[in-house]
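One structure below.
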Amino acid sequence: MRQIARVSGRIGLHGGGEFLAGDEPFLDALIVAARQAAATHAGNPDDRGNRELPPVRIVIVPTAAARGRPDRAAAMGIAAFADRADAANRQLRIDAASIVDDASAADPANVGLLEAADLIYLPGGDPDLIPKILPRTKALAAIETARRRGAVVAGASAGGMALAEWSWTPDGGIRGLGFVAGFALLPHYNDGRRTAWQTVLDRVAPEGIGHLGLEERTGALSDGRTSGGRSWRIAGPGAAYWFARGARRPIVARDGEAIDIPD
């Protein structure tokens, strides 16, 4: 799998139930990180209350919902971030890049939105769609360009699964986009799913792949490191569960706590 190298933007992973009541802590954490990216892009990395800075640019990419209602997924994301604008203490510009097929993945308007974004958010849907639609497209190249500039890339449920090195679909295991190395994301996590997920991944995933379980309305936001592992800070009402390959007991973290995961 092609590796994405020398990128500095942070990654956000979410357990699903995105944009619903209770998801505010993770949305706020993403906005703060995106605000830092916007300030750096504008040449003011400290962002010391400079009201002349341009709005934080957020782009919702509903690719995982392409078989259903991508317009609805995008509208929910736009409304949720708009509701959090006051918490950001900064103006937000929120757009949708409705990338649902090859043509829309090559559309110059969508590509331009992604290249200029400070936060790119991929909501949930079907876990096979993003790995099928985005690779080798101008849209994915634009996402990589934005992240090299420092933009945050986040995904919820199927959107987050696709950002990892390895993912799982009803038809079996597949490679994700590889923005995160070393593990697969398990969204909608609970104890009832733990044994089934662990059995599946131990059977079909490449050697060395662990898994990160995230409960709904709960996210993990990485630091800016690109090698040597990352620290993931948890935000939301639920918990995160990190299982290294073969581990039977997880490392557990809750809101405000962090988990260090090696590459």
Side-chain angles (χ1 to χ4, degrees), residues 9-31 33-34 56-85 92-101 104-105 107 110 113-114 117-135 137 139-140 142-143 146-147 151-164 167-170 176-177 179-180 184-189 212-222 235-238:
R10 301 168 71 181
I11 293 291
L13 303 173
H14 189 275
E18 65 271 26
F19 311 139
L20 300 179
D23 196 29
E24 294 86 358
F26 187 62
L27 295 176
D28 291 347
L30 290 176
I31 291 170
V56 174
R57 295 157 298 185
I58 299 173
V59 180
I60 311 296
V61 186
T63 306
R67 292 192 184 99
R69 289 286 307 278
D71 54 340
R72 182 175 182 272
M76 288 181 64
I78 290 171
F81 277 107
D83 284 344
R84 304 310 299 162
L92 307 180
R93 172 180 170 177
I94 314 165
D95 295 294
S98 188
I99 297 168
V100 296
D101 53 23
S104 53
D107 183 86
N110 287 333
L113 285 174
L114 293 170
D118 303 305
L119 167 62
I120 297 166
Y121 194 111
L122 292 82
D126 294 319
D128 63 315
L129 285 177
I130 293 174
K132 286 180 178 177
I133 293 173
L134 280 184
T137 64
L140 182 58
I143 293 172
R147 192 175 169 224
V152 182
V153 179
S157 190
M161 292 168 72
L163 295 179
S167 187
W168 176 254
T169 77
L177 299 179
F179 280 81
V180 179
L185 175 67
L186 311 185
H188 310 285
Y189 192 82
L212 177 66
L214 290 175
E215 294 180 349
E216 291 187 353
R217 296 174 298 154
T218 301
L221 182 60
S222 76

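Along the sequence shown, residues carry numbers from 1. Bear in mind the structure is a predicted one, so any value in this text is a computation, not a measurement. Computation of the quantities below employed the complete heavy-atom set of this structure, encompassing side-chain atoms and omitting hydrogens, waters and symmetry-equivalent molecules.
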Problem set entry | Residues forming a side chain to side chain donor-acceptor pair (under 3.5 Å) with S104, sequence neighbours excluded | D101

Exercise. With no hydrogens and no angle check, is any side-chain donor or acceptor of R217 less than 3.5 Å from a backbone partner on G238?
Worked result: no

For this session: Can you sort out the partners of D71 under salt bridge (Lys or Arg N to Asp or Glu O under 4.0 Å), two or more places apart, ordered by chain and number?
Result: R69

Problem set entry | From CG (D95) to CG (N110), nearest 0.5 Å | 10.0 Å

Seminar exercise, completed: All heavy atoms of A164 vs all of L185, minimum pair found to be CB-N, 4.3 Å

Exercise. Parallel, tilted or perpendicular: which fits the ring planes of Y121 and F19, with parallel below 30° and perpendicular above 60°?
Worked result: tilted

Exercise. For the residue pair A66 and I133, what are the closest heavy atoms and their distance?
Worked result: CB-CD1, 4.4 Å

For this session: Considering non-hydrogen atoms only, spot the tightest contact between P70 and A65 and give its length.
Result: CD-O, 3.2 Å

For this session: Would you please name every residue forming a side chain to side chain contact (heavy atoms under 4.5 Å, CB included) with P135, sequence neighbours left out?
Result: L177

Problem set entry | All salt bridge (Lys or Arg N to Asp or Glu O under 4.0 Å) counterparts of D128, not counting sequence neighbours | R67, K132

Problem set entry | Distance-minimising heavy-atom pair for S98 and P62 | CA-CD, 4.0 Å

Problem set entry | Which atom of A146 lies closest to which atom of I120, heavy atoms considered | CB-CD1, 4.0 Å

Exercise. What salt bridge (charged side-chain N to carboxylate O under 4.0 Å, His left out) pairs are there with at least one residue in residues 15-25, not counting sequence neighbours?
Worked result: none

Exercise. From L30 CG over to L119 CG, what is the distance, rounded to the nearest 0.5 angstrom?
Worked result: 5.5 Å

Exercise. Quick one: does P170's side chain get under 4.5 Å of P127's, heavy atoms only?
Worked result: yes

Exercise. Could you state the interatomic distance from CG (L140) to CZ (F179), rounded to the nearest 0.5 Å?
Worked result: 5.0 Å

Exercise. Which distance, rounded to the nearest 0.5 Å, do you find between the OG1 of T137 and the CG of D107?
Worked result: 12.0 Å

Problem set entry | Least distance between heavy atoms, V56 atom then A34 atom | CG1-CB, 3.7 Å

Problem set entry | Passing candidate, salt bridge (charged side-chain N to carboxylate O under 4.0 Å, His left out) with D118, options R93, R57, R147 | R57

Exercise. How far does CG of L122 sit from CG of L163, to the nearest 0.5 angstrom?
Worked result: 6.0 Å

Show me the donor-acceptor pairs within less than 3.5 Å that the side chains of residues 153-161 make with the rest of the protein, sequence neighbours left out.
{"from": "S157", "atom 1": "OG", "to": "H188", "atom 2": "NE2", "distance (Å)": "2.8"}

Exercise. Out of curiosity, I143 CD1 to L114 CG, how far, rounded to the nearest 0.5 Å?
Worked result: 5.0 Å

Exercise. V152 and L221: side-chain contact (heavy atoms from CB on, under 4.5 Å), yes or no, with the steps?
Worked result: CA-CA 9 Å; V152 182; L221 182 60; 4.3 Å; yes

